[in-house]
Amino acid sequence: MPFPDTTPRTDSDHDRRMRWFREARFGMFIHFGLYSSAGGVWNGRDLPGVGEWLMSNGRIPVSEYQQLLERFNPVAFDADAWAKTAKDAGMRYLVLTSKHHDGFCLWDSDHTDWDVMSTPFRRDILQELSGACRRHGVKFCLYHSIMDWHHPDYLPRPGWDKRSTDGVDFDRYVAYMKNQLKEIVRKYGPLGILWFDGEWEPTWTHERGLDLYRTVRSLQRDILINNRVDKGRNGMQGLTTDERYAGDFGTPEQEIPPTGLPGVDWESCMTMNTSWGYKASDTRWKSSDELLRNLIDIASKGGNYLLNVGPDGRGEIPAASRDRLRDIGVWMRRNGQAIHGTVANPFKTVPAWGRVTRKEGRPGDTLYLHVFDSKTKRVAFPHPGATPVRASVLGSSVKPAVSNTASGFELDVPDLGASTIRVVKVDLAGKVSVA
Ligand code: FHN
């Protein structure tokens, strides 16, 4: 359960806030900023590390990094194309980096000139994308980094930053950050999520985290705030260590928890290659099948999948990402009901043939059997505590007969020809009740 914030709350307040998130199950993460125009290359050298950490990977002083301002001109940026790409893939929300660790702001901020209006592009990206999300029915959410390698009052200075710390006032930086958050909620809200990051440095404390959670909650009562607003995240495993800490959901990164945790909301964020921000040399792309299995595995454990794209310096989502999202979209158009609005596998075991998701309903629940291997011909599942009344293969007219076994049921899964992951929908006479 999340930290009780200042506003009077009951579990139903939290559940009401989380309803769309739990229904969505699938969102797009977008890492875009000055670093996108460098693509991981600085002074002709392809730097090791992820693309959005260019400033750190190249130990680039602020005075030199500023040159990227003149290079930032994503002339191919098309907010409707980004929003439609997410929608067509079956993604119900998108989270854009409003400000990453380099402090650069993708909107026209009243509080700094270190923003998109100081580049040749001179267009408000948050304004354009929030409008496109509304047009395409995708919930608009924003990532915001607490850590800021550019702001003169942020501490600690990164190792490569030799600027003087005389007169530096971290409280003044926090006030700046809060003013910007008020600005982006007022100008581009209501937001689905404020997705904080960069909370790991010692200057950011539990007290500051609680205060920031309450501040954001006061800006928009139903906004979701991830657990990286505070200090309670258990590293990359991402779940909150105990309920003293603020945050509406946990944030595993580049990994999927081994099991779902009843009553805990969480979202695994992952890249398609290995870099969040665009990196031209990073061609280590996961296959569409692997990405789809991740989505299904995460949903079967009651979590959300936040899958990342890193648009390039022209503002285009890389073709390799678009191809994979297209493949996922084809599957989701046939099988999306087995992901959206589902809850975790009710059984104590994970089947060898794939995964199970569940949808609560009346008069009975529904099980979705996700069969991973196209060569699997027959699947068995334990007794769900309610009698199966019919089975059907999503996207086909096949209605497999359900047979009783000593420990539950089994049924044939027809060969659908393609090497796709098949889903069998099993309607039950009543509610699942598994000991
Ligand atoms: O340092 C960031 C990184 O650049 C990226 O934004 C990821 C995405 O969750 N978060 C931090 C690393 O944990």
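No experiment lies behind these values; they were computed from the predicted model shown. When a ligand or atom number is given, it counts from 1 through the structure's own listing order.
Around the NZ atom of K84, the shell of radius 6.0 Å holds no more than 12 heavy atoms that belong to other residues, nucleotides or ligands. Heavy-atom contacts from other residues, nucleotides or ligands closer than 6.0 Å to CG of D113 number 12 or fewer.
Considering R233, H100, H101 only, the shortest heavy-atom separation from atom 1 (O) of ligand 1 involves H101.
Taking 4.0 Å as the cut-off between side-chain N and carboxylate O, K99 and D148 count as a salt-bridged pair.
Taking the centre of each ring, Y188 and F140 stay at or above the 6.0 Å mark. Proximity of the aromatic rings of H206 and Y245 is defined here by a centroid distance below 6.0 angstrom, and this criterion is met.
When non-hydrogen atoms are compared, ligand 1 lies under 4.0 Å from the side chain of R228 (C-beta onward) but not from its backbone. Only the side chain of W200 comes within contact range of ligand 1, with a heavy atom under 4.0 Å; no backbone atom does.
An N or O contact shorter than 3.5 Å links H31 to ligand 1 by distance. Considering both main-chain and side-chain atoms, W195 never comes within under 3.5 Å of ligand 1 through any nitrogen or oxygen pair. Every N/O-N/O distance between W276 and ligand 1 stays at or above 3.5 Å.
Every atom of ligand 1 with a heavy atom of W53 under 4.0 Å away is listed here by number and element: 1 (O), 2 (C), 3 (C), 4 (O). Every atom of ligand 1 with a heavy atom of C269 under 4.0 Å away is listed here by number and element: 9 (O).
For atom 12 (C) of ligand 1, the closest non-hydrogen atom on the protein side is E253 OE2, 3.2 Å. Nearest non-hydrogen protein atom to atom 11 (C) of ligand 1 is D197 OD2, 3.0 Å. With hydrogens left out, the protein atom closest to atom 4 (O) of ligand 1 is E52 OE2, 2.6 Å, a heavy atom.
Under the 30°/60° scheme for interplanar angles, the aromatic rings of W149 and W53 are found to stand perpendicular. Classification of the F72-F32 ring pair by plane angle, with boundaries at 30° and 60°, yields tilted. Ring planes of Y143 and H101: tilted class, angle from 30 to 60°.
Using a 4.0 Å cutoff on heavy atoms, V50 does not count as a contact of ligand 1.
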